[in-house]
Amino acid sequence: MQDYNPRAIENAAQEYWQQQKTFEVTEDPEREKYYCLAMFPYPSGKLHMGHVRNYTITDVISRYQKMLGKNVLHPMGWDAFGLPAENAAIQNKTAPAAWTEQNIQYMKRQLEDLGFGFDWSRELRTCAPDYYRWEQWFFTRLVEKGLAYRKVSAVNWCPKDETVLANEQVVEGCCWRCDTPVVRKEIPQWSIRITDYAEELLADLDQLQEWPDQVRAMQANWIGKSRGQEINFDLTKDIAGISTLPVYTTRPDTLLGVTYVSIAATHPVAEALAATNSELAEFILSCAEQSTAEADMALMEKRGIATGLNCIHPLTGEEVPVWVGNYVLMDYGSGAVMAVPAHDQRDFEFARKYQLPIKQVIAPLEDGEIDLDKEAFVDKGRLINSGEFDGLDFDAAFNAIAEKLERLGKGQVQTNYRLRDWGVSRQRYWGAPIPMLFANGEEIPVPADRLPVVLPEDVEMDGVQSPIKADPEWRKTEYQGKPAEHETDTFDTFMESSWYFARYTCPDFDQGMLDPERANYWLPVDQYVGGIEHAILHLLYARFFHKLMRDEGLVNSDEPFKRLLCQGMVLAQSYYRLDEQGHKEWINPADVEVERDDKGLIVAARCKADGRPVEIGGTTKMSKSKNNGVDPQAAIEQYGADTVRLFTMFAAPPEQTLEWSDEGVQGAARFIRRLYRHCQENVDKDAVRTYLDESFNLETKWLETLSEASAESRKTIHDALKKANFDYDRNQFNTVVSSCMKILNEIASPSADDAPISAVKTEGLGILLRLLYPIAPHISHYLWEQLGFGKDILAAAWPEVDESALVQNEIDLMVQVNGKLRGKIKVSPDVDQDTAQTIALASPSVQKFTEGKTLRKVILVPGRLLNLVVS
RNA sequence: GCCCGGGUGGUGAAAUUGGUAGACACAAGGGACUUAAAAUCCCUCGGCUUCACGGCCGUACCGGUUCGAUUCCGGUCCCGGGCACCA
């Protein structure tokens, strides 16, 4: 007998799929389609475990759906533009294009080694001109429709390098290259009007019933629809041609408690006043050093300065001061906010700091205690100190104040969204050029017949400036016979990832962005799988783009992704040692040996190379910074793809974090070896023909001769099958693997060597191989053929549960007394309450707890338990 | 700070969603086989208590609803994801 040799088995299976073109699909209106999509990878160099997990999940789902008879599309491609390629290019002195292409070649090979059933004939890369060409064309359409426009917005600016930095490139407020403090700079950039679609993006979340609730909640909160009022505070004098500060509030009931108004540092009024106020000018300058990230904004110290200017309260006519606050954003809302220190915690702290008045106008509904010396009272309540509005609750006050403001022409009810328009300009090189021309002071979309605007690939990176910005020639062009200049900014890479799912349906189409016939056959995607970190931005942009494509007549569906699965992260143990400076030097788990106590806990670890001890850094997300990445390649070479896939699916359910464990991988390998050995040693090649019909079900004649032991064995197998089917449908693959293990335990357990048992075990093996196939396809494919089931397991029908095998004459019914388990009784599954009660009360272990007490209530949960309530 | 998750044995987890808590594995301990090791097979394995039958406690913590709560509700603590230029 030969030992299990994963390499030979896996190579042969992969070759077979390649020759048969098993995973290449075309549109077939006769068959039900199923589009299964994994988020495409950024070609960073090598696959990491997160990729392995992601693509194993989609491969499992794809193969399962294929066995259910569907026409399954499972494509793969490369999200090839992005910042890391520029960094790598500078480091390695290669052009980003070449570096990216090398990575793609290597990673593609790794994907093939893992046996993923992708339709490689549809492979695409976003850095290819025949891909981004259509994105450029689509953008010009958006400009023509008024859905894309140019406006001034903020970027991180390194004054020394004179370059724009990504948030990631700003480390503690400084440039990551030269440590110079970063400032905010306002420059003209292209934006897309996602806010025009805010209402639809919110409302259509209701259509996405097969998305996780948490993702829908996050998106709804991100869009942030609110109902409030716009209220005008007139300035006591015009500044920069501005006479009124409109503010938006969701709490107009607190309007009488306004004691000042704050405006953004970049507000035109602030800028105009700064011209004659050096203190204010200095303050505004200092605000420019603040981070543009919202998290930093929320945590920073709130600072402000009085402008000396006042505005008029729209209801009382009193003057309130106008302040400049570092926490007010110019590009969100009107750049001005009203402040109610008594009823908003941030305003409260600000008012305390600058000795501004705090005026209570809301009292609690119940006689609750509030202490305005300690904190703001932010709950809704009843109005006080508000003149004619005193005594009203929130809703009544909202309406009464809205009505009065409207009558005075000082405000109106307004619906607002937190969502902001999508800024798509990037001042970087490795992206799709934005297809716009500047000529005679006009912004002109590049005409369709001049697309694509090709990004030159043979470039040298100086580390600071984008090569197409650095080259004065590249931008030069003409328009209608006159000199013109190309835009040198490139698109946000979210642009490419917002429509790739649609392009997979017709990647070769050269007559337009999409071939509507093919796109509408496959779309929407039936199952989308990717990391939870994309729950908001990528998924929201892709939903938005899909609606834009629909409105351009390219697709006929409203939403791109019907069902969504967000997989958890992959974690691993980390180890470090401190160097002389006290810095942590992280050591890869592969280079560490561990020592355990008698409970199996890791108590000590040593570096394999020098035998010296290392510190244990805990289980954290696999990352470069902690050097705890486990290279999938090493595991594949040692154990084979099936073992790696099986472990990945078994160790945790898809949505949860997955902890890499070498022992766990060995456990997965042990299961596969056991299956292999069981088949080699115990399975007769004629068994299939002897016991099973052409659908691999037990032949009727054997069904009739089952002994009690073989019937019980068959129940175990069909129970496991039923559970596995349930779990496949809800994407919980760890328990599918459990079911497979149970079946193997059953069919490999020692038992009487008679025909009924052999018959049941043969049927069980056929079920096991088909259940296991989507997860560990190579070994299942090999054994299916070798044991004479058939040529290609993928063509076999999915196993069906024989409900008659599950029927029991007698079950264990749990008996509780006052909710505590006190015994079990053997009864018929459809026993009635009276009978069950009589039997239970006759049992001594129950009597111990009921004796001398009165029976108050009896609850029977059929097939499960009986609860006797006594006192 | 704001939004969204998560917390169950020594470990990863399960519990068909309000009805037997710990399936299936991993680790550990004991045993068999072996000159030995590896591999393989068998047994034990939440805590406390009991010679034993059994009893009590136990799903982060505090409280509530219910005949019954890992599951539902309110509060607290800790961990993770996102926060608009990482992808």
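Residue numbering restarts at 1 for every chain, and letters A, B, ... go by the order of the sequence lines.
Under the 90° criterion around 0 for the glycosidic angle, B:rU17 counts as syn. Glycosidic conformation, B:rG9: syn, with the torsion inside 90° of 0.
Of the side-chain N and O atoms in A:Lys723, one or more sit less than 4.0 angstrom from OP1 or OP2 of B:rA15. Contact annotation: A:Lys820 reaches the phosphate of B:rC57 (side-chain N/O to OP1 or OP2, under 4.0 Å). Contact annotation: A:Asn87 does not reach the phosphate of B:rC86 (side-chain N/O to OP1 or OP2, under 4.0 Å). When the side-chain nitrogen and oxygen atoms of A:Gln656 are compared with OP1 and OP2 of B:rG6, none of them lie within a distance under 4.0 Å. Between A:Asn221 and B:rC4, a side-chain N or O to OP1/OP2 separation shorter than 4.0 Å is present. Listed pair A:Arg418 / B:rC3 fails the phosphate criterion, with no side-chain N or O lying under 4.0 Å from OP1 or OP2. When the side-chain nitrogen and oxygen atoms of A:Arg730 are compared with OP1 and OP2 of B:rU17, none of them lie within a distance under 4.0 Å. Side-chain nitrogen and oxygen atoms of A:Asn734 include at least one within less than 4.0 Å of the OP1 or OP2 phosphate oxygen of B:rA14. Under 4.0 angstrom from either OP1 or OP2 of B:rC85 there lies at least one side-chain N or O belonging to A:Arg426. For B:rC85, the OP1/OP2 oxygens have no side-chain nitrogen or oxygen of A:Arg420 closer than 4.0 Å. Between A:Arg670 and B:rC26 there is a side-chain polar atom (N or O) within less than 4.0 angstrom of OP1 or OP2.
Look at CG on A:Asp161: it is 16 Å from C1' on B:rC85, rounded to the nearest Å. Between A:Trp211 atom CH2 and B:rC4 atom P there is a gap of 17 Å when expressed in whole angstrom units. Rounded to an integer number of Å, the gap from A:Gln816 CD to B:rC67 P is 13 Å. Atom CE of A:Met814 is separated from atom C1' of B:rC67 by 18 Å (rounded to the nearest Å). Between A:Leu165 atom CG and B:rC86 atom P the separation is 11 Å, expressed in whole Å. Distance A:Arg822 CZ to B:rG19 C1': 16 Å, rounded to the nearest Å. Put simply, CD1 on A:Ile536 is 13 Å from P on B:rC85, counting in whole angstrom units. One can place CE of A:Met495 at 16 Å from C1' of B:rA84, the figure rounded to the nearest angstrom.
Under a cutoff of 6.0 Å and an axis angle of 45°, A:Arg673 and A:Tyr4 do not form a cation-pi pair. Both tests hold for A:Arg418 against A:Trp222: distance to the six-membered ring centre under 6.0 Å, angle to the ring axis within 45°.
For A:Arg428, the salt bridge (Lys or Arg N to Asp or Glu O under 4.0 Å) criterion is met by no residue, not counting sequence neighbours.
Heavy atoms of A:Thr493 sit under 4.0 angstrom from primed sugar atoms or phosphate atoms, though from no base atom. Nucleic acid contact for A:Val737: none, since no nucleic acid atom lies under 4.0 Å from a heavy atom of the residue. Looking at heavy-atom distances under 4.0 Å, A:Lys848 makes contact with sugar-phosphate atoms alone, never a base. Among the protein residues, A:Gln189 comes within range of the nucleic acid bases, having at least one heavy atom under 4.0 Å from a base atom. Looking at heavy-atom distances under 4.0 Å, A:Asn745 makes contact with sugar-phosphate atoms alone, never a base. No contact: A:Pro212 has no heavy atom under 4.0 Å from any strand. At the heavy-atom level, A:Tyr4 lies nowhere under 4.0 Å from the strands shown. Backbone-only contact: A:Ala293 has heavy atoms under 4.0 Å from sugar-phosphate atoms and none from a base. Within the 4.0 angstrom heavy-atom criterion, no nucleotide atom of any strand lies near A:Phe671. The residue A:Ser739 sits apart from the nucleic acid: no heavy atom pair falls under 4.0 Å.
Comparing B:rA14, B:rC86, B:rA84 by their closest approach to the side chain of A:Glu168 singles out B:rC86. With B:rC24, B:rG81, B:rC26 as the choices, the nucleotide that has an atom nearest any side-chain atom of A:Glu663 turns out to be B:rC26. Listed nucleotides B:rC83, B:rC86, B:rU20 differ in distance to A:Asn167; the shortest reach to its side chain belongs to B:rC86. You'll find that the side chain of A:Glu533 is closest to B:rG81, out of B:rG19, B:rG81, B:rA13. The listed nucleotides are B:rA87, B:rC83, B:rG12; the one nearest the side chain of A:Trp222 is B:rC83. Comparing atom distances between the A:Arg673 side chain and each of B:rA39, B:rA21, B:rC85 picks out B:rA39 as nearest. Distances were taken from every side-chain heavy atom of A:Leu419 (C-beta onward) to each of B:rA84, B:rA87, B:rC41; the shortest belongs to B:rA84.
Ion pair A:Arg177/A:Asp161 flagged as a salt bridge, since at least one NZ, NE, NH1 or NH2 atom sits closer than 4.0 Å to an Asp/Glu carboxylate oxygen. Ion pair A:Asp213/A:Arg216 flagged as a salt bridge, since at least one NZ, NE, NH1 or NH2 atom sits closer than 4.0 Å to an Asp/Glu carboxylate oxygen. Salt-bridge formation is not detected for the pair A:Glu663/A:Arg670: no Lys NZ or Arg NE/NH1/NH2 atom is positioned less than 4.0 Å from an Asp or Glu carboxylate oxygen.
Judged by atom type and distance alone, A:Gln427 reaches the base of B:rC85 through a side-chain donor-acceptor pair under 3.5 Å. With hydrogens and angles ignored, a donor-acceptor pair closer than 3.5 Å exists between the side chain of A:Arg428 and the base of B:rC85. Between the side chain of A:Gln214 and the base of B:rC3, no donor-acceptor pair of N or O atoms lies under 3.5 Å.
B:rA14 and B:rG7: their P atoms are spaced 10 Å apart (whole Å). Taking the P atoms as reference points, B:rC79 lies 33 Å from B:rG29, given to the whole Å. If you take atom C1' in B:rC24 and the same atom in B:rA13, they sit 8 Å apart, rounded to whole Å. With both ends at atom C1', the span from B:rC53 to B:rU34 equals 41 Å, rounded to whole Å. Rounded to a whole angstrom, the distance from the P atom of B:rG22 to that of B:rC85 is 50 Å. Of the P atoms belonging to B:rA25 and B:rA15, the separation is 15 Å, rounded to the nearest Å. For B:rA27 and B:rC86, the P atoms lie 42 Å apart once the distance is rounded to whole Å. Rounded to a whole angstrom, the distance from the C1' atom of B:rC61 to that of B:rG68 is 22 Å.
In this structure, A:Lys46 places its NZ atom where only 12 or fewer heavy-atom neighbours from other residues, nucleotides or ligands lie under 6.0 Å away.
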Using the side-chain hydrogen bond (donor to acceptor under 3.5 Å, both in side chains) rule, take A:Asn326 and A:Gln290 through it: C-alpha gap first, then chi angles, then the decisive distance, then the call.
CA-CA 8 Å; A:Asn326 67 342; A:Gln290 280 172 192; 2.9 Å; yes
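Taking for each of A:Ser738 and A:Met569 the nucleotide of RNA chain B with the nearest heavy atom, the 5'-most of the two is the partner of A:Ser738. For A:Phe81 and A:Ile859, each mapped to the nucleotide of RNA chain B holding its nearest heavy atom, the one lying further toward the 5' end belongs to A:Ile859.
Aromatic rings of A:Phe491 and A:Phe81 (six-membered ring for Trp) have centroids beyond the 6.0 Å cut-off, not under it.
By the 30° and 60° cut-offs, the orientation of the rings of A:Trp422 relative to A:Phe545 is perpendicular.
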